[in-house]
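Everything below concerns the one structure shown next.
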Amino acid sequence: EYGEIHIPNMPAQHISYSEKYQDDEYEYRHVILPKDIAKQANKGRLLAEQEWRQIGVQQSRGWVHYAIHRPEPHILLFRRPLGTDPRTGKVATAQANVSAAAELAR
């Protein structure tokens, strides 16, 4: 079970989001927390989706907090597999990707 993180009057507007970038397997983004939120939220480990949403991070489904950059723990590093449906968080199957590519080629 995850403990709840209580941050009163959280200024979600001060959370900043990078553009998405990608490699052959994943799309990535980083989220920069204000240091006061980061101090209260940082547990020195990866956060589950419920935890990062509790501290005010707002993004589509399928993102996973996958790494901690120790020199800058207020920057959360996220990734999700390419082809993830942002509404469901589910990864499209290889066949669905082939079908979608065929449709685009028409």
Side-chain angles (χ1 to χ4, degrees):
E1 298 279 336
Y2 302 108
E4 287 197 27
I5 301 168
H6 295 285
I7 302 173
N9 302 320
M10 198 170 24
Q13 69 273 17
H14 297 319
I15 295 173
S16 55
Y17 301 83
S18 75
E19 294 296 319
K20 295 177 217 169
Y21 45 100
Q22 67 184 49
D23 61 19
D24 293 338
E25 198 172 341
Y26 293 98
E27 65 179 328
Y28 301 88
R29 80 169 347 157
H30 55 273
V31 175
I32 303 172
L33 300 176
K35 294 196 184 199
D36 56 331
I37 291 177
K39 282 179 193 165
Q40 296 175 54
N42 193 323
K43 299 180 174 190
R45 62 171 172 74
L46 299 176
L47 300 178
E49 181 173 354
Q50 177 184 354
E51 293 176 299
W52 53 259
R53 287 197 187 279
Q54 282 178 347
I55 61 172
V57 174
Q58 299 176 0
Q59 53 188 352
S60 56
R61 300 189 63 182
W63 292 101
V64 174
H65 182 209
Y66 78 98
I68 297 170
H69 181 52
R70 299 276 177 217
E72 298 178 305
H74 64 287
I75 299 177
L76 305 181
L77 304 172
F78 290 91
R79 74 178 179 189
R80 66 180 174 189
L82 291 176
T84 299
D85 183 324
R87 293 176 310 260
T88 66
K90 303 222 182 297
V91 179
T93 64
Q95 183 56 46
N97 287 340
V98 169
S99 297
E103 283 296 315
L104 289 174
R106 289 184 183 176

Rounded to the nearest 0.5 Å, what's the gap from NZ on Lys35 to NE2 on His14? Could you check?
-> 15.0 Å

Minimum heavy-atom distance Val31-Ile15, with the two atoms named | CG1-CG2, 3.4 Å

Supply the atom-to-atom distance Gln58 CD to Tyr17 OH, rounded to the nearest 0.5 angstrom.
-> 5.0 Å

Indicate the atoms forming the closest heavy-atom contact of Trp63 with Lys20, along with that distance.
-> CZ2-CD, 3.9 Å

I'd like a table of donor-acceptor pairs (distance under 3.5 Å, sequence neighbours excluded) in which one partner is a side-chain atom from residues 76-91, with atom names and distances.
residue	atom	partner	partner atom	Å
Arg80	NE	Glu27	OE2	2.6
Arg80	NH1	Ser60	OG	3.0
Arg80	NH1	Arg61	O	2.7
Arg80	NH2	Glu27	OE2	3.2
Thr84	OG1	Pro81	O	2.5
Asp85	OD1	Arg87	N	2.7
Asp85	OD1	Thr88	N	3.4
Asp85	OD2	Arg87	NH2	3.3
Thr88	OG1	Lys90	N	3.1

Give every donor-acceptor pair under 3.5 Å between a side-chain atom in residues 64-73 and any protein atom, sequence neighbours left out.
residue	atom	partner	partner atom	Å
His65	ND1	Leu47	N	2.8
His65	NE2	Ala67	O	3.4

Mind checking what makes side-chain hydrogen bond (donor to acceptor under 3.5 Å, both in side chains) contact with Gln22, not counting sequence neighbours?
-> none

Closest heavy-atom contact between His30 and Tyr21?
-> ND1-OH, 3.3 Å

What's the spacing between Leu46 CG and Glu51 CD if we round to 0.5 Å?
-> 10.0 Å

